[in-house]
Amino acid sequence: MPTQIDKVYEPQRFEPAWAQWWIEKGIFKASAKNTGRTFSIAIPPPNVTGVLHMGHMLNHAEHDVVVRWRRMLGYNTLWLPGTDHAGIATQMVVERQLAAEGTNRYQLGREAFEKRVWEWKAQSGGTILKQMIRLGTSCDWSRERFTLDPGLSRAVRETFVRLYEKDLIYRGEYMVNWCPSCFTAISDLETVHEETQGRMWHIAYPVVGSDEKLVVATTRPETMLGDTAVVVNPEDGRYRHLHGKTVMLPLMNREIPIVLDSMADPKFGTGVVKVTPAHDLNDFEAGKRHKLPTVKVINEHAKMTAAAGPYAELDRFDARKRIVADLESLGLLVKTEEHRLPLGRCQRCRTPIEPLVSKQWFVKTKPIAEPAIRVVEDGRIQIIPEHWTKTYYEWMYNIRDWCISRQLWWGHRIPAWHCQACHQVTVSREDPTQCAHCGSEKIEQDPDVLDTWFSSGLWPFSTLGWPDKTEDLATFYPTSLLITGFDILFFWVARMIMLGLECTGDVPFRAVYLHSMVRDAEGQKMSKTKGNVIDPLDVTEKYGTDAVRMALLRGASPGTDISIGIDNFESARAFANKIWNASRLIFMKMETSGVEPWAPGAMNCCLPEPITDSLVTPLEDRWIFSRLNRCAESVNRAVENYRFHEAAQTLWHFVWHEFCDWYLELKKLRFEDNTGLNAHWRNLLTVYEMMLRLLHPLMPFLTEELWQRVAEAGADRPISIALANYPQYNPDASDAQAEYEMEILQSIVTAARELRADMKIDPKQMMDGVLVVREPARSMLDGQLAGIERIAGAKLDVRASDEGVDGVKRGFPEFDLIIRVSASQAEAQRSRIQKEIEQLE
RNA sequence: GGUCGCCUAGCUCAGCUGGUUAGAGCGCCUGCUUCACACGCAGGAGGUCGUAGGUUCGAGUCCUACGGCGACCACCA
């Protein structure tokens, strides 16, 4: 029996219970059996260190809409949750703790340190998952994964060995981006380039055996200590006479050659380039071309090495100052100018990157990028919004090898063993006891771990049990969809496509939906330093999860960022409250009418026809069923195409301005006159049920709560249960005639209201207004009149048009809607209004 | 330097494949303690759709140029 419900919507009172209950009932659990229609999606695993922010909230809301929708459509639906071990991020958290305790990881030792991180993870990791559970995200928690789980680690190992065996992984000395603070190599993607105000120093290098001086320009004078040549363009006439000569490197007094190479642009600077193969990528390559020696003058701590002579041990920036000063006193500093240049920084700690030559592991990306380009080209993977495909191609066509080794302790250790006897490398699926080449037992595992993105690149299939041929893999792979932010298109999406194709021979997902960034109400990026961060947990506590979801989804149109502020949450809560109160009205009327809770409606996926007790189906029923039908069509299409804002907008309009404003208002009148109540109730409740179902993927808590209060079957039949019970478009249920007639009714009511307002008449002493319509409209309006009068607050009469009146044609081809006011007491107003009306013609 | 996106009411934005009077939410103004809801109801004001051309019977919607804003990529000393 429906109970009395509170006047105001207070989601805090029921949300936590439902979140718990859904999990207890196992509603989110997917079946491993392949039952035909399946839908699967793997969550972008948040960092274990992570705390839920608005970006997650949007991402999860979008996931949840799609997933709940598919589930209700009867798909065997899997949303697989989990977290990422997040190499650097996590290691840094624990290292900070150690620092606070006055120790560090080196003192602790590798094994103890790893143990310590695991302890941290058990204790404070995965906060975000708990938050997700509270927010009702409908993941299958029984399949939760972590990138360092044994199974996933095996997948990582398998992939590494396979790639190595196929010669797609190699180890070598190359220029890498070194972060002196994180103390590891990082990939190109992990460096951010920032336009910085720097300087350009012009330094004179004396030519040996001549008084001439070559002037080179540099932005990093400290690297000159490691110069092993200067380069001029062979075509550059200015320096032709110096070909084959040498210069004396100032400060170091080392003789270095003048080399010819097109890398020197005669138009830039002085046309002379200093070459430091150890500390610049261009120079490194030039060094290789000209077989130049490499002199490393800066070490991993960003301090000058012994090779820097008198500058040894200085920090690189202190060295710079000293060197510039020394050059100046030697009279070799020709000039200094301001210069803007992009400076590479570590994405994580903002420290300026030091390009260093170092021995690292790389993935040869060109061969695996090619098929990854093809699957997007031929549509096997669809990227939405489509314009991102171009960005994807840009990157993939110009892709460079991927540095995958990190000098960290937290992560997947590289499965390679170095032999101390023959110095060869053994890469193996199982831990080897001896060198595969010479049999020596003196082998040691490579100390490095893999880039975090290496393991997350396997996520869609490693989580399903790959490399084993599991039932889950057969049922859910390839996954149906990936929803993520465009900011990790390269980091993650592209790598998953490459590795997915390489490992499984199939695409990892069939579609990628890239959503936008969430910004604050001023369009600013949310950041802790700006203090404009909105904590999702705060606002869900205050406004309700459904309202927050709705606020985000309403703004979630593909391609544009979402600006969100308190106003958005307030209006979304008002919407939830509106639904709440509409329900309250229905429940109250049910009680006074003695209506029993009803059995849940159609389990088929099509909308039923309105029910009638007599020969005449009330207009409002025919109309609302038709509108509902169109609403279902629109919402389904919107969700299918990831147009979440459209789904939200459509429902908003249907619920508020059709169901509440008109339908319920008209039904109130029906309940007054007490005839044919049975049919009225069954229609109303059917529409109400369908409305809740349509809303459920977007607003799960509110709809579940209301559903449980009103449905006879009660708690055993959750609205979210996996049955094919989501309303879908029914071509037979659209009733254009009813919509048309309702439009007329609405315009009559509007007109009547205007009359009343304009004449400033007290409804109680209302003069007669006369509505005159042609015959078809007249019969249509029969029986509606009382309702119209009530809504309009005017007393009206309906006559046929041949009774002859003045009026206004409102633009309906079949009907003339003519309004005449016969005011006995207010002739003046009457004629004034009539004139105005006539002007409308 | 390259690529992409955005510029529509005071604010935040919808407007899919070009088609009747350009929409929503919030804000603002007017009137309502109407027995579901003031987190409400009924009305209203407010836009030459960044600028200039072009294609078309017809353009916010397609094309070109320009201006402003933003994002991403990038080894020019």
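Please read all numbers here as calculations on a predicted model, not as lab measurements. Letters A, B, ... mirror the listed sequences (proteins, then strands); counts begin at 1.
- Remark: A:R643 is not in phosphate contact with B:A14, judged by side-chain N or O atoms under 4.0 Å from OP1 or OP2.
- Contact between A:M699 and A:A576 at its shortest, heavy atoms only, is CE-CB, 3.9 Å.
- Nearest nucleotide to the side chain of A:D661, out of B:A36, B:A42, B:U3: B:A42.
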Distance-only donor-acceptor hits, side chain of residues 275-287 of chain A, under 3.5 Å, sequence neighbours excluded:
{"from": "A:T276", "atom 1": "OG1", "to": "A:D227", "atom 2": "OD1", "distance (Å)": "2.7"}
{"from": "A:T276", "atom 1": "OG1", "to": "A:K274", "atom 2": "NZ", "distance (Å)": "3.0"}
{"from": "A:H279", "atom 1": "ND1", "to": "A:P355", "atom 2": "O", "distance (Å)": "3.4"}
{"from": "A:H279", "atom 1": "NE2", "to": "A:V297", "atom 2": "N", "distance (Å)": "3.0"}
{"from": "A:H279", "atom 1": "NE2", "to": "A:I298", "atom 2": "N", "distance (Å)": "3.2"}
{"from": "A:D280", "atom 1": "OD1", "to": "A:N282", "atom 2": "N", "distance (Å)": "2.9"}
{"from": "A:D280", "atom 1": "OD1", "to": "A:D283", "atom 2": "N", "distance (Å)": "3.1"}
{"from": "A:D283", "atom 1": "OD2", "to": "A:T276", "atom 2": "N", "distance (Å)": "2.7"}

Under 3.5 Å, N/O pairs linking protein and nucleotides 75-77 of chain B:
{"from": "B:C75", "atom 1": "OP1", "to": "A:R400", "atom 2": "NH1", "distance (Å)": "2.3"}
{"from": "B:C75", "atom 1": "O2'", "to": "A:N282", "atom 2": "ND2", "distance (Å)": "3.0"}
{"from": "B:C75", "atom 1": "O2", "to": "A:N282", "atom 2": "OD1", "distance (Å)": "2.3"}
{"from": "B:C75", "atom 1": "O2", "to": "A:N282", "atom 2": "ND2", "distance (Å)": "2.5"}
{"from": "B:A77", "atom 1": "O2'", "to": "A:A217", "atom 2": "O", "distance (Å)": "2.9"}
{"from": "B:A77", "atom 1": "N6", "to": "A:D265", "atom 2": "O", "distance (Å)": "2.8"}
{"from": "B:A77", "atom 1": "N6", "to": "A:F268", "atom 2": "O", "distance (Å)": "2.4"}
{"from": "B:A77", "atom 1": "N1", "to": "A:D265", "atom 2": "N", "distance (Å)": "3.0"}

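- Smallest separation of non-hydrogen atoms from A:P221 and A:V324: CG-CG2, 3.8 Å.
- The shortest distance between the side-chain N/O atoms of A:H657 and the OP1/OP2 oxygens of B:G25 is below 4.0 Å.
- Atom OH of A:Y397 is separated from atom P of B:A74 by 18 Å (rounded to the nearest Å).
- OP1 and OP2 of B:C35 both lie 4.0 Å or more from every side-chain N or O belonging to A:K668.
- For A:S563, no side-chain nitrogen or oxygen approaches OP1 or OP2 of B:C11 to under 4.0 Å.
- Between A:H645 and the phosphate of B:G15, there is a side-chain N or O to OP1/OP2 separation shorter than 4.0 Å.
- For the residue pair A:L664 and A:A582, the shortest heavy atom distance occurs at CD1-CB, 3.7 Å.
- For an aromatic pair to be called close, the ring centres must be under 6.0 Å apart, and A:W402 with A:Y174 fails this.
- Taking atom CD1 on A:I566 and atom P on B:C39, their separation rounds to 16 Å, with Å as the unit.
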Provide a list of protein-nucleic acid N or O atom pairs under 3.5 angstrom, restricted to nucleotides 17-22 of chain B.
none

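- Shortest non-hydrogen contact noted between A:Q12 and A:Y543 is NE2-N, 4.5 Å.
- No more than 12 heavy-atom neighbours from other residues, nucleotides or ligands sit within 6.0 angstrom of CZ on A:R199.
- Here A:D487 pairs with nothing under the side chain to side chain donor-acceptor pair (under 3.5 Å) rule; sequence neighbours left out.
- When distances run from any side-chain atom of A:F486 to the nucleotides B:A71, B:G40, B:G25, the shortest one goes to B:A71.
- The shortest distance between the side-chain N/O atoms of A:T391 and the OP1/OP2 oxygens of B:U3 is not below 4.0 Å.
- Residues satisfying the side chain to side chain donor-acceptor pair (under 3.5 Å) test with A:R584, not counting sequence neighbours, are none.
- As a whole-Å value, the separation of A:H387 NE2 from B:G2 C1' is 16 Å.
- The 5' end of RNA chain B is approached more closely, in terms of each residue's nearest nucleotide, by A:E646 than by the other of A:E646 and A:R519.
- As a whole-Å value, the separation of A:N577 CG from B:A36 P is 14 Å.
- Remark: A:E386 CD is loosely packed, at most 12 non-hydrogen atoms of other residues, nucleotides or ligands lying under 6.0 Å away.
- The distance from atom CZ of A:R554 to atom P of B:A14 is 13 Å, rounded to the nearest whole Å.
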Secondary structure of RNA chain B per the Watson-Crick/G-U criterion (both distances under 3.5 Å; [ ] crossing, | other strand, . unpaired) is (((((((..((((.....[...)))).(((((.......))))).....(((((..]....))))))))))))....
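- The nucleotide whose nearest atom lies closest to any side-chain atom of A:D567 is, among B:A36, B:C26, B:G5, B:C26.
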Side chain to side chain contact (heavy atoms under 4.5 Å, CB included) between A:R13 and A:E705: does it pass, once the steps are laid out? CA-CA 10 Å; A:R13 296 175 64 166; A:E705 173 73 13; over 6 Å; no
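- Comparing B:C13, B:G25, B:A36 by their closest approach to the side chain of A:R584 singles out B:A36.
- A residue-by-residue look at A:E570 and A:S583 shows that A:S583 has its nearest nucleotide of RNA chain B further toward the 5' end.
- Among the nucleotides B:C37, B:G25, B:A74, the one closest to any side-chain atom of A:W395 is B:A74.
- Remark: A:K390 is in phosphate contact with B:C4, judged by side-chain N or O atoms under 4.0 Å from OP1 or OP2.
- Atom CE of A:M517 is separated from atom P of B:C4 by 20 Å (rounded to the nearest Å).
- Of the C1' atoms belonging to B:G10 and B:G27, the separation is 7 Å, rounded to the nearest Å.
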